[in-house]
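Notes to accompany the following structure.
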Amino acid sequence: MTEKSKRFPLSLSSIAEKTPRNGARAEPQRKVATPQTATLNASQHSKRTVTTTRTVEVPRKAAAAPVATERATPLVSESVRKAMTARVAKQGVKDSKVLAAMDAVPRHLFMEPALASQAYIDASLPIGYHQTISQPYIVARMIEVMRNNQQGGVLNRVLEIGTGCGYQAAVLSLVAKEVYSIERIKGLHELAKANLRPMRVANIRLHYGDGMLGLPQAAPFDGIILAAAGLEVPQALLEQMTIGGRLVAPVGERHQVLQLIERVSKFEWKSSTLEDCHFVPLRPGTVT
Ligand code: SAH
């Protein structure tokens, strides 16, 4: 890293080669894993498109900057990440701003070191607490759909339900002015904070609470993304959309579909079904 690039705040990608928590180097390699349902959908997508919360701000200053000697293999993970983005584009995601954001966020730093080598494969992967980091394609796809609004993709304030490890929030931070993200499992909320802290992302606010209630104190939102599937989209979230706002959510139990809901007026919402998907369940309440 050059002296110049050490200046703060660091960009997300500038710390991409940080040594992971256990000291082992996160050097992504290609490994075989079982792709999830969504992978299959992704390959078919191009053919089938149809029409009491506690606030915690991610500290801006935290861990020391990465040491140059720990960055021996920057090009390796950068090229693997570029390959991931190219694959996502081939799967049907066209929005160049979304693809650039996927290129910039060091996905392997959101995983346990033991899984970091698989970070860029086409699958969701475990993050603990029986939850998963979403498959790259579906992360990109949901954000692309949310951005496809009447304002030419401008998003002032967005809300994510299900922070998990914080990866999607980091991608969102590159396409929206302000990102709010809620997680119901305390341990994951803490994990996301720990993952995002060294990246010094100034425009993400993490909340621990039940996302089914939304975040009335920060509403309305231009975009809302649910990273967990409910039987229906909670009414509170519909109420917290701006007019013209877009909400993207997996809906269903065993068979899930990606749903887009647009708020047309104060009392009118329009819903459309996009494609099949597979997410962990949306659950009420919190886990301490
Ligand atoms: N976007 C995440 C994906 C996390 S998986 C990432 O990039 O890693 C979905 C997450 O939704 C899980 O962590 C789960 O605990 C959380 N979740 C489920 N129901 C929720 C609710 N009602 N409120 C907030 N989070 C919820």
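Basis for what follows: all heavy atoms, side chains included, without hydrogens, waters or symmetry-related copies. For reference, positions follow the sequence shown, starting with 1. Both ligands and their constituent atoms are indexed starting at 1 by order of listing.
- A perpendicular orientation is assigned to the rings of Y167 and F110, their planes being inclined by more than 60° (bins at 30° and 60°).
- Neither side chain, D276 nor Q256, offers a donor N or O lying under 3.5 Å from an acceptor on the other.
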Tabulating one pair per line, provide the atom names and distances (0.1 Å) for every N/O atom of ligand 1 that is less than 3.5 Å from a protein N/O atom.
{"from": "ligand 1", "atom 1": "1 (N)", "to": "E160", "atom 2": "OE2", "distance (Å)": "2.8"}
{"from": "ligand 1", "atom 1": "1 (N)", "to": "G162", "atom 2": "O", "distance (Å)": "3.1"}
{"from": "ligand 1", "atom 1": "7 (O)", "to": "Q168", "atom 2": "N", "distance (Å)": "3.1"}
{"from": "ligand 1", "atom 1": "8 (O)", "to": "C165", "atom 2": "N", "distance (Å)": "3.4"}
{"from": "ligand 1", "atom 1": "13 (O)", "to": "E183", "atom 2": "OE1", "distance (Å)": "2.7"}
{"from": "ligand 1", "atom 1": "13 (O)", "to": "E183", "atom 2": "OE2", "distance (Å)": "3.4"}
{"from": "ligand 1", "atom 1": "15 (O)", "to": "E183", "atom 2": "OE2", "distance (Å)": "2.6"}
{"from": "ligand 1", "atom 1": "19 (N)", "to": "R283", "atom 2": "N", "distance (Å)": "3.0"}
{"from": "ligand 1", "atom 1": "22 (N)", "to": "D210", "atom 2": "OD1", "distance (Å)": "2.9"}
{"from": "ligand 1", "atom 1": "22 (N)", "to": "R283", "atom 2": "O", "distance (Å)": "2.6"}
{"from": "ligand 1", "atom 1": "23 (N)", "to": "G211", "atom 2": "N", "distance (Å)": "2.7"}
{"from": "ligand 1", "atom 1": "25 (N)", "to": "R184", "atom 2": "N", "distance (Å)": "3.4"}

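- One finds no salt bridge joining E78 and R81 here, because no Lys/Arg side-chain nitrogen approaches an Asp/Glu carboxylate oxygen to under 4.0 Å.
- For K97, the side chain to side chain donor-acceptor pair (under 3.5 Å) test picks out no residue, with sequence neighbours left out.
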Verdict with reasoning, K82 to D103, per salt bridge (Lys or Arg N to Asp or Glu O under 4.0 Å): CA-CA 6 Å; K82 281 207 184 314; D103 246 358; 3.4 Å; yes

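- Side chains of S181 and E160: a donor on one and an acceptor on the other come within 3.5 Å.
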